[in-house]
Amino acid sequence: MNTQATTATVTPFTQNLKQQQQKQQTAREVIAANVQALIEQLEQGHSEGLTAYLLAMGKFHNYSFGNIMEIARQRPDATRVAGMYAWNQLGRRVKKGEKGIRILVPMIGIRRKKDAEVEKDIRTQNQPVLVGFRSAYVFDVSQTDGAELPELSERVKGNVGEHRERLIDLVIAQGIELDWKESISPALGVSYGGKIVLFPGQETAEEFSTLVHELAHEMLHKAERRTATTKTVRETEAEAIAFVVGKTIGLDSGRASADYIHLYHGNAALLTESLEVIQKTAAVILSALETTGGERSTGAKTEARNTA
C-alpha cells in the first residue's frame, strides 16, 4: 500500500470533521463522527480512509476503538505515538510547531459511600468510577527528534518467522482442531466451527494469512451477532482481520483496498459493529503473536470469545 497515496486521499476526511471535533465530549460521539465521515467516503466509492484505519488497528492495537479512529483520521501515516512526557523519557523531544493528535482519556473519580453503607461492607468504600473523558494529545515519532528508538517488536517481510507457531498455539488455546487436507480444494482454508482445515503445500505467508482468516471466522461468526450480516460482510470482516495482522508483522498483502467497501451497505450500525469486532479480534491475535517462548497467552480464549 502506498502510504503517500493513502495520506493524500484521506485529507478531506480530516477536513470534514475539523469543526465537529471541537464539540465532541464523549468517546461515543467521537466514534459516531468518525464513522459518519467514513460513510461519506464509502458512499462516494472511496475506501482509502477505511484502509488507513485498518492499518492503524495493527499499529495501535493497545488503544481503544475510538482512539484508533482518531489517530487514523488525524495522522494516517503515524507509526508510533506517545505523549510529550513519554517521548521526553525516551530521550526525544517534540519538534517546535508540531500539532498533537487528539485522543480521549478516561477521568476516574471516587464514589464515596455514606458511613452507614460503608459499615455494612468496607470494600465498597471510596470506589473508583469513570466520570467522563478529557482530551489529551499524543505525537507520532516522525514529529520528534532525539535518541534512536529500539524496535517495538520483531518485524518480518514476507516471512512469518515464529509468528506461525504462535498463531497455531492461539488456535489450540481456542479449543479449535487444526488439520490439512487436499480434499477442500479449490478452497485454501475452511472453518467448520471448532475445526479449521487448510489446503496443504501453501507458501508460508499465504498459509499464515489463510489461517488468520479462518480463525477470525471461528472467533466472530459462530456466535450470534447483534446485527444480521451477509456472507459478503462476514468474509470481508475475516479478510480485513487477516489484512491487519499480516500488515502488522510485515507481510505484503495483495488485497485491494476497494474490497473493504463491502463492510458498508447503507447501514451505519453494521459498519460500526464490523469495525469494532475487526479491531478487537485483530488485537487478540496480535497480542498472542507478540508473546515469546513460554509466555503464551492463557487468557486469549476468553477474551476472543467476548469479541463476538
Side-chain angles (χ1 to χ4, degrees), residues 1 3 6-7 9-10 13-14 17 21 24 27-28 30-35 37-38 47-87 89-90 92 94 98-106 133-144 149-156 163 212 216 237 240-251 253 257 260 263 271-272 274-291 297 300 303-304 307:
M1 180 70 61
T3 302
T6 301
T7 304
T9 306
V10 299
F13 180 31
T14 304
L17 283 179
Q21 185 66 34
Q24 291 164 2
R28 186 180 298 276
V30 167
I31 292 171
N34 279 299
V35 169
L38 284 175
S47 62
E48 293 85 356
L50 179 54
T51 302
Y53 172 59
L54 294 176
L55 288 169
M57 285 184 183
K59 297 173 186 174
F60 310 113
H61 59 275
N62 291 324
Y63 281 74
S64 69
F65 174 64
N67 280 336
I68 291 174
M69 296 197 78
E70 282 292 271
I71 294 169
R73 177 184 66 79
Q74 296 172 67
R75 199 172 186 94
D77 59 344
T79 58
R80 183 175 181 180
V81 300
M84 186 175 293
Y85 177 78
W87 283 127
Q89 293 297 104
L90 291 169
R92 297 183 70 85
V94 176
E98 289 289 346
K99 183 180 179 180
I101 304 166
R102 178 185 180 272
I103 62 173
L104 293 181
V105 297
F133 294 86
R134 64 177 176 83
S135 296
Y137 293 87
V138 294
F139 299 84
D140 183 53
V141 62
S142 63
Q143 298 176 280
T144 67
L149 295 173
E151 285 294 320
L152 283 174
S153 59
E154 178 186 3
R155 297 289 178 179
V156 294
H163 292 116
V212 173
E237 286 176 346
I241 292 166
F243 174 86
V244 171
V245 173
K247 280 291 188 180
T248 304
I249 70 166
L251 297 183
S253 174
S257 64
Y260 301 116
L263 290 175
L271 175 62
T272 302
S274 288
L275 293 176
E276 286 179 336
V277 297
I278 290 167
Q279 184 261 319
K280 291 177 181 177
T281 306
V284 170
I285 296 173
L286 287 169
S287 293
L289 297 183
E290 287 177 353
T291 59
S297 177
E303 185 176 356
T307 65

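Just so you know, these numbers come straight off a predicted model, no measurement behind them.
- Side-chain atoms of Glu290 and His61 include a donor-acceptor pair closer than 3.5 Å.
- Residues that satisfy the side chain to side chain contact (heavy atoms under 4.5 Å, CB included) test with Thr272, not counting sequence neighbours, are Ile31, Val35, Phe65, Glu276.
- Summarising the geometry, atom OG1 belonging to Thr281 is positioned 4.5 Å from atom CD1 belonging to Ile241; distances are rounded to the nearest 0.5 Å.
- Put simply, CG on Leu286 and CD1 on Ile249 are 8.5 Å apart, with the number rounded to the nearest 0.5 Å.
- Shown here for Arg102 and Tyr137, the closest heavy-atom pair between the two residues is CB-CE2, 3.5 Å.
- Remark: side-chain polar atoms of Asn67 are paired, donor with acceptor, to backbone N or O of Leu104 under 3.5 angstrom.
- Checking side-chain atoms of Gln74 against main-chain N and O of Ile71 turns up no donor-acceptor pair under 3.5 Å.
- The CE atom of Met84 lies 4.0 Å from the CZ atom of Phe139; values are rounded to the nearest 0.5 Å.
- Here the CE-CD1 distance, from Met69 to Ile103, works out to 15.0 Å after rounding to the nearest 0.5 Å.
- Contact between Ala52 and Ala72 at its shortest, heavy atoms only, is O-CB, 4.2 Å.
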side-chain contact (heavy atoms from CB on, under 4.5 Å) for Arg80 and Ser142? Distances and angles first, verdict last.
CA-CA 8 Å; Arg80 183 175 181 180; Ser142 63; over 6 Å; no
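- Using a distance-only test at 3.5 Å, with no hydrogens or angles considered, no donor-acceptor pair links the side chain of Lys247 to the main chain of Gly58.
- Of the possible polar contacts, one joining the Asn34 side chain to the Val30 backbone as a donor-acceptor pair under 3.5 Å is found.
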Given the rule in the side-chain contact (heavy atoms from CB on, under 4.5 Å) test, do Val244 and Ile285 qualify, once you have shown the distances and angles that lead to the verdict?
CA-CA 10 Å; Val244 171; Ile285 296 173; over 6 Å; no
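- Although no hydrogens or angles enter the test, the distance criterion places no donor-acceptor pair under 3.5 Å between the side chain of Asp140 and the main chain of Val81.
- Atom NZ of residue Lys59 and atom OG1 of residue Thr248 lie 9.0 Å apart, to the nearest 0.5 angstrom.
- With hydrogens and angles ignored, the 3.5 Å screen pairs no side-chain donor or acceptor of Glu237 with any backbone N or O of Ile278.
- Scanning for side-chain hydrogen bond (donor to acceptor under 3.5 Å, both in side chains) contacts around Thr144 gives Arg92, with sequence neighbours left out.
- In plain terms, the two heavy atoms of Ala136 and Val105 that are nearest each other are CB-CG1, 3.8 Å.
- A distance of 14.5 Å separates CD of Glu70 from CZ of Arg75, quoted to the nearest 0.5 Å.
- Val245 places none of its side-chain heavy atoms less than 4.5 Å from the side chain of Leu251.
- Between Gln279 and Tyr63, the shortest heavy-atom contact is NE2-O, 3.7 Å.
- Taking Ala82 as the reference, Ala86, Trp87 meet the side chain to side chain contact (heavy atoms under 4.5 Å, CB included) condition, with sequence neighbours excluded.
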